[in-house]
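See below for the structure under consideration.
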Amino acid sequence: MMFTVPVACPHDCPDTCAMRVTVNAAGLAIKIEGDPQHPTTDGVLCTKVARYLERTYHSERLLYPLKRIGRKGEGKFARISWDEALDTIAARLKTIAARNPEAIMPYSYGGTMGLVQAEGMAARFFNKLGASRLDRTICASAGAAAMRATYGAGVGMDVEQLDQAKLILIWGSNPITTGVHLWRKVQAAQRQGATVIAIDPHRSLTAQKCQQHIAILPGTDAALAFGLMHILIREQWLDQDYIEHYTLGFTELAARAADYTPAYVAKICGITTHEIEALAALIAKTALQDQQPVAFRLGYGAQRVRGGANAIRAVSCLPSLIGAWRHAAGGLLLSSSGFFPINKAGLERPDLYPSGTPRLLNMSTIGDHLLQDGVEAVLVYNSNPVAIAPESSKVAQGFAREDLFTVVLEHFQTDTVDYADIVLPATTQLEHNDIHKSYGHRYILLSQQAIQPLGECKSNSEIFRLLAAKMGFTESCFQEDDRAIAQAAFNWQHPHTANIRWETLQQQGWQKLNVAAAPFAAGNFPTPSGRCEFVSSELASQGLDPLPNYLPPYESVASNPDLATHYPLQLISPPARHFLNSSFVNVDSLRKQLPEPSLEIHPADATARQIQEGQMLKVFNERGAFQLKAVITDRIKQGVVLAYSIWWKKMSSDGKNCNEVASQALTDLGAAATFYDCLVEVQVA
Ligand SMILES: Nc1nc2c(c(=O)[nH]1)N[C@H]1C(S)=C(S)[C@@H](COP(=O)(O)OP(=O)(O)OC[C@H]3O[C@@H](n4cnc5c(=O)[nH]c(N)nc54)[C@H](O)[C@@H]3O)O[C@H]1N2
Ligand SMILES: Nc1nc2c(c(=O)[nH]1)N[C@H]1C(S)=C(S)[C@@H](COP(=O)(O)OP(=O)(O)OC[C@H]3O[C@@H](n4cnc5c(=O)[nH]c(N)nc54)[C@H](O)[C@@H]3O)O[C@H]1N2
Ligand SMILES: [Mo]
């Protein structure tokens with residue numbers, strides 16, 4: 001008999017889709033589709049997850065525990081039993097922990113976003129051990145710090161209202177590629193007469209479909225935001241009532257914006273004064289004259305530079321200046337995760353630390369940590385650091401250390417697995433249970449196991465449960481099953497979750513948080529003052545600049561002319577449509593659509609270097625070099641080059657990828673990675 005199971009999409013994407021998986025009488029998953037009832041999924045899956053069954057039943061799935069028999073990095077392994085694998089790991093960890101548990105480093109990110117299979121049992125395990133803590137900064141921590149300073153948390157407008165907006169600014173985001181369900185709302189708004197504008201150095205798939213595209217230089221978003229504020233204030237195009245009652249620090253903000261004349265901003269951003277004046281006028285006309293909703297979709301593109309957090313802080317002032325929050329379809333959306341009352345203490349159990357709070361290691365500087373900071377063991381799950389972390393040659397060199405003990409929990413033999421001493425085969429979302437929040441919408445999703453684990457695969461939670469037993473951890477939280485962990489994941493007494501019923505989650509797969517459509521129409525932000533804090537009390541109390549500012553990139557022609565004489569091009573490496581970070585890169589039907597890495601370069605920059613279409617190029621700076629094919633196009637701004645991310649290194653002709661040249665420098669706030677703050681030179685290979 002066939003049956004259908006509600007499953008949540010586990011991937012690191014704002015859309016967190018509700019899915020229906022059909023399983024046949026033999027227990028095989030034979031169909032996967034978007035849940036037609038779920039309002040944001042709307043029956044649609046993206047091009048990647050539509051192939052989730054191809055990925056799940058891929059012939060290269062890791063099905064058994066393995067131990068290394070070749071050199072580190074070579075990727076040669078022999079099958080072992082679970083007992084041998086777990087005993088080996090436990091023995092090694094016990095020896096290290098007896099000396100110094102902080103020499104053990106966990107490394108994980110968004111392979112699965114499920115709260116159980118991410119930092120549920122795993123966090124308890126590392127906390128009890130007293131291992132180093134991991135600062136998870138590889139993606140969103142700059143923007144999160146910015147939102148916390150200005151609005152108190154990662155809160156924003158409801159994506160389901162976006163079709164009612166009349167002006168939508170898609171700022172440093174490429175939703176056709178990175179979150180197609182939001183784009184469907186934008187299309188609906190366009191059909192109802194909305195104007196949609198992209199702000200992006202690249203004429204991305206999304207920018208091509210917008211009425212207007214403003215192509216700024218990477219890392220200059222805060223300057224543009226201040227230029228817009230300058231004009232709004234100069235012309236008194238402001239919602240004075242909203243500013244007076246629901247914001248803090250307007251006078252100070254206005255004083256800073258005074259310096260950002262359109263001419264000054266145009267020069268910084270590489271655009272015309274007309275573009276800035278016209279955009280400010282359109283924002284003001286829509287919000288103030290027509291009294292219509294203006295929505296800002298902020299993405300992650302503007303954050304991956306030195307001033308990434310300040311960029312988000314500066315842009316995020318705009319909706320409050322014009323009172324855009326008064327409308328359910330107005331305001332801004334960077335992340336919705338701040339609405340979810342996660343029970344971090346219950347889920348992760350930091351009370352288990354053996355003594356004091358262990359040191360914090362930043363995942364974005366894993367290269368340096370592995371080479372300098374006395375790390376003796378690293379346990380990797382839900383991540384592929386050898387491919388995705390910056391300054392990759394150092395990361396690889398670190399993982400190649402003979403004295404480092406490396407364990408990797410994975411679905412496939414990724415670049416990181418090649419360096420493992422022990423490899424543990426992990427289940428996919430169809431093979432385990434989990435519970436999810438979202439960073440794009442406002443639903444909790446319960447994901448149910450649809451099929452039996454393939455081969456000898458085990459879920460992350462089960463692996464850490466078994467390891468905890470081998471280590472002799474006796475606390476009852478190490479016996480909890482996945483359902484109990486899922487039930488501990490949220491604070492169910494919070495007003496946002498008071499309406500959620502477990503039975504509804506089980507039957508339907510999802511339920512919406514109890515949050516008002518326009519929660520900030522009259523302030524009520526989760527800041528200390530309840531207002532939008534242009535001047536942040538939190539930052540002031542830390543002795544930091546309480547106002548947003550424009551901080552030029554570490555690496556650009558204007559900010560670092562000496563470096564730019566050798567490396568004059570700014571490299572950005574945003575996501576490819578057919579991959580999800582480095583996941584799906586090995587799925588054949590998707591790779592057919594993007595068969596090899598390529599570099600987009602402007603015709604003028606190509607001519608200056610005698611580069612021809614399709615030639616193999618070498619991209620390099622002092623940190624490293626990698627090779628890929630030339631695509632000459634004016635989609636990319638002159639002075640900027642683009643390499644879609646993130647290829648497995650071993651799939652490139654030279655065994656390298658774009659993170660070879662990316663730097664380990666961190667952002668202004670949030671200590672995040674600065675992938676798009678990177679000067680390079682390009683030549684024919
Ligand atoms: N298909 C697919 N979808 C994904 C992912 C994937 O790998 N593939 N990854 C997922 C993850 S983990 C994340 S974090 C999100 C990210 O998704 P988004 O929020 O869309 O962010 P990015 O894709 O990093 O960058 C978006 C755009 O910012 C532009 N950009 C680069 N630098 C700047 C700048 O300085 N200023 C401005 N204004 N724009 C800039 C890029 O050209 C790009 O078009 O996508 C998620 N969805
Ligand atoms: N140059 C450049 N680098 C970037 C970015 C960029 O834009 N440019 N983007 C950055 C961003 S935004 C992010 S979020 C990071 C993403 O970096 P990661 O979070 O490392 O993402 P993935 O590369 O997709 O690797 C996730 C791995 O987890 C595995 N996995 C999935 N589910 C499970 C599971 O249930 N159990 C176990 N054990 N494993 C599982 C998958 O097979 C996959 O290999 O990359 C960052 N790196
Ligand atoms: Mo990300």
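Counting starts at 1 for both ligands and their atoms, in listed order.
Salt bridge absent: Arg306 and Glu555 never bring a charged side-chain N and a carboxylate O closer than 4.0 Å. Contact check on Glu600 versus Arg635 returns a salt bridge, with a Lys/Arg side-chain nitrogen under 4.0 Å from an Asp/Glu carboxylate oxygen. For the pair Asp677 and Arg304, the salt-bridge criterion is not met [side-chain N within less than 4.0 Å of a carboxylate O]. With respect to Asp482 and Arg465, a salt bridge is recorded, a charged nitrogen being found less than 4.0 Å from a carboxylate O. Using a cutoff of 4.0 Å between basic side-chain nitrogens and carboxylate oxygens, Lys650 and Asp418 are scored as salt-bridged. Salt-bridge formation is not detected for the pair Arg591/Glu596: no Lys NZ or Arg NE/NH1/NH2 atom is positioned less than 4.0 Å from an Asp or Glu carboxylate oxygen.
Among residues two or more places apart in sequence or in another chain, the side-chain contact (heavy atoms from CB on, under 4.5 Å) test is passed with Ala673 by Ser364, Phe675.
No N or O atom of His432 sits closer than 3.5 Å to an N or O atom of ligand 2. Not a single N or O atom of Gln117, backbone or side chain, sits closer than 3.5 Å to an N or O atom of ligand 2.
Here Arg55 has side-chain heavy atoms under 4.0 Å from ligand 2, and that is the only part of it that gets that close. The side chain of Ala426, and not its backbone, has at least one atom closer than 4.0 Å to an atom of ligand 2 (non-hydrogen atoms only; side chain from C-beta on). Heavy atoms of Leu409 found under 4.0 angstrom from ligand 2 belong to the backbone as well as the side chain.
Close approach of ligand 2 to Thr427 is summarised as follows: ligand atoms under 4.0 Å from at least one heavy atom of the residue are 34 (C), 35 (O). Near Cys658, meaning under 4.0 Å from any of its heavy atoms, are these atoms of ligand 2: 1 (N). Using a 4.0 Å cut-off to heavy atoms of Thr414, the atoms of ligand 2 that qualify are 44 (O). Ligand 2 places these atoms under 4.0 Å from at least one heavy atom of Asn659: 1 (N), 2 (C), 3 (N).
Protein residues having a heavy atom under 4.0 Å from any atom of ligand 1 are Asp12, Lys48, Cys139, Trp171, Gly172, Ser173, Asn174, Thr177, Thr178, Ile199, Asp200, Pro201, His202, Ser204, Ile216, Pro218, Gly219, Asp221, Gly299, Tyr300, Gly301, Ala302, Arg304, Tyr439, Ile572, Pro574, Pro575, Ala576, Arg577, Phe579, Leu580, Asn581, Tyr676, listed by chain and number.
Donor-acceptor pairing under 3.5 Å is lacking for the side chains of Asn310 and Asn549. Between Trp648 and Asn586, the side chains place no donor N or O within less than 3.5 Å of an acceptor N or O (distance only, hydrogens not considered).
Both cation-pi conditions hold for Arg55 and Phe584: the charged atom is under 6.0 angstrom from the six-membered ring centre and inside a 45 degree cone around its axis.
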